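Just so it is clear, the structure is predicted and the values come from calculations on it, not from any experiment.
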Amino acid sequence: MTKFLLAVHVLAAIVAIGPVTVAASMFPPAARRALAAPDDARAAETVQLLHRICRVYAGVGIAVPVFGFFTAGAMGVLGDAWLIVSVVLTVLAALVLVVLVLPRQEILAEGTAGDGPGTGSGTGSGTSTAGTATHEATRAATVQLAMFTGIFNLLWATVTVLMIVRPGSTTGA
């Protein structure tokens, strides 16, 4: 049963977390392109799609720690330091995604739809002070989002390494 649980846990991580990390990483530059070209419907659709992938697979990603706990219980490693650190980092990654990444994506995705902030609507020509300020604020928002996405990805990469190496573990590598 342990091997089955471990296989399901690893597959859930690949299928759920992989798409979130890729789509979240692609989102900031796609949002910059879409906001720079408000008449480009395809660019706006790309941003919407990337955000939807992140939202949906974030929900599916709940299966990863659920099967992880079942696997750890079956392996008898629930109290091991490497697992506890992995759990803490997983919680931090989830918080970064839910509190810092997804809400910022939502704001930028709404901006690419033409009815949210950052679209430049009502500013006249792109050379006005308000238009420049809006562009700079939008750029800063995408840069900040890229930073939070990088933190999310780094946390998951660290968890992955801990799961493989299991420092101090007597049950594996």
Side-chain angles (χ1 to χ4, degrees), residues 1-32 34 46-112 116-118 137-173:
M1 185 59 136
T2 301
K3 289 182 181 183
F4 172 76
L5 289 171
L6 182 59
V8 172
H9 172 63
V10 170
L11 286 171
I14 292 168
V15 169
I17 306 305
V20 174
T21 58
V22 172
S25 296
M26 293 172 65
F27 187 94
R32 280 192 289 275
T46 298
V47 170
Q48 300 292 328
L49 175 64
L50 291 171
H51 178 58
R52 187 171 37 247
I53 289 169
C54 290
R55 267 194 346 259
V56 169
Y57 281 95
V60 173
I62 293 169
V64 176
V66 168
F67 282 106
F69 276 114
F70 285 130
T71 303
M75 293 173 66
V77 296
L78 281 171
D80 287 8
W82 65 269
L83 184 69
I84 294 167
V85 171
S86 294
V87 169
V88 169
L89 293 176
T90 298
V91 169
L92 286 174
L95 286 172
V96 168
L97 182 64
V98 170
V99 174
L100 300 173
V101 174
L102 292 176
R104 284 170 173 77
Q105 282 185 351
E106 182 75 27
I107 291 166
L108 289 167
E110 288 173 0
T112 63
T138 299
R139 172 126 177 93
T142 60
V143 168
Q144 187 180 50
L145 176 59
M147 177 189 69
F148 291 136
T149 300
I151 292 168
F152 169 77
N153 291 343
L154 183 59
L155 287 167
W156 271 116
T158 304
V159 168
T160 302
V161 170
L162 285 172
M163 292 290 160
I164 294 168
V165 175
R166 299 187 289 198
S169 174
T170 59
T171 61

For the pair Phe27 and Thr149, evaluate side-chain contact (heavy atoms from CB on, under 4.5 Å) and give the outcome as yes or no after the intermediate values. CA-CA 9 Å; Phe27 187 94; Thr149 300; over 6 Å; no
Start with the C-alpha gap between Glu106 and Arg55, add the side-chain angles, then the distance that decides, and say whether side-chain contact (heavy atoms from CB on, under 4.5 Å) holds. CA-CA 10 Å; Glu106 182 75 27; Arg55 267 194 346 259; 4.2 Å; yes
Please walk me through it: do Trp82 and Val165 pass side-chain contact (heavy atoms from CB on, under 4.5 Å)? CA-CA 9 Å; Trp82 65 269; Val165 175; over 6 Å; no
Working note: Leu83 + Met163, criterion side-chain contact (heavy atoms from CB on, under 4.5 Å); need CA distance, chi angles, decisive distance, verdict. CA-CA 8 Å; Leu83 184 69; Met163 292 290 160; 3.9 Å; yes
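Taken to the nearest 0.5 Å, the CG atom of Leu5 stands 8.0 Å off from the CZ atom of Phe70. Once rounded to the nearest 0.5 Å, the distance linking CG of Leu50 with CG of Leu108 reads 12.0 Å. Within the model, atoms OG1 of Thr142 and CZ of Arg32 stand 4.0 Å from one another, a figure rounded to the nearest 0.5 Å. Atom-to-atom distance recorded for Ile107:CD1 and Leu102:CG is 11.5 Å, nearest 0.5 angstrom. Note that OG1 of Thr71 and CZ of Phe4 are 9.5 Å apart. Values are rounded to the nearest 0.5 Å. Here the straight-line distance linking atom CD1 of Ile53 with atom CD of Gln48 works out to 12.0 Å at 0.5 Å rounding.
Using a 4.5 Å heavy-atom cutoff, the side chains of Ser25 and Asn153 are in contact. Contact annotation: the side chain of Val20 approaches that of Phe152 to within less than 4.5 Å [non-hydrogen atoms, C-beta and beyond]. Using a 4.5 Å heavy-atom threshold, the side chains of Leu100 and Arg104 count as touching. Side-chain contact check for Phe148 versus Leu97: every heavy-atom pair is 4.5 Å or farther apart.
Nearest heavy atoms, Ala93 versus Trp156: CB-NE1, 3.6 Å. Taking all atoms of both residues into account, the shortest heavy-atom contact from Ile14 to Pro19 is O-CD, 3.5 Å. In plain terms, the two heavy atoms of Gly61 and Ile17 that are nearest each other are CA-CD1, 4.2 Å. Across all their heavy atoms, Ala31 and Thr112 have their closest contact at O-CG2, 4.4 Å. The two residues Val47 and Ala34 have their closest heavy-atom pair at CG2-CB, 3.7 Å. Residues Pro28 and Ala24 come closest through the heavy atom pair CD-O, 3.1 Å.
A side chain to side chain contact (heavy atoms under 4.5 Å, CB included) with Ser86 is found for exactly one of Val161, Leu162, Thr160, namely Leu162.
Taking a 6.0 Å sphere around CZ of Phe67, one finds it holds 12 or fewer heavy atoms contributed by other residues, nucleotides or ligands.
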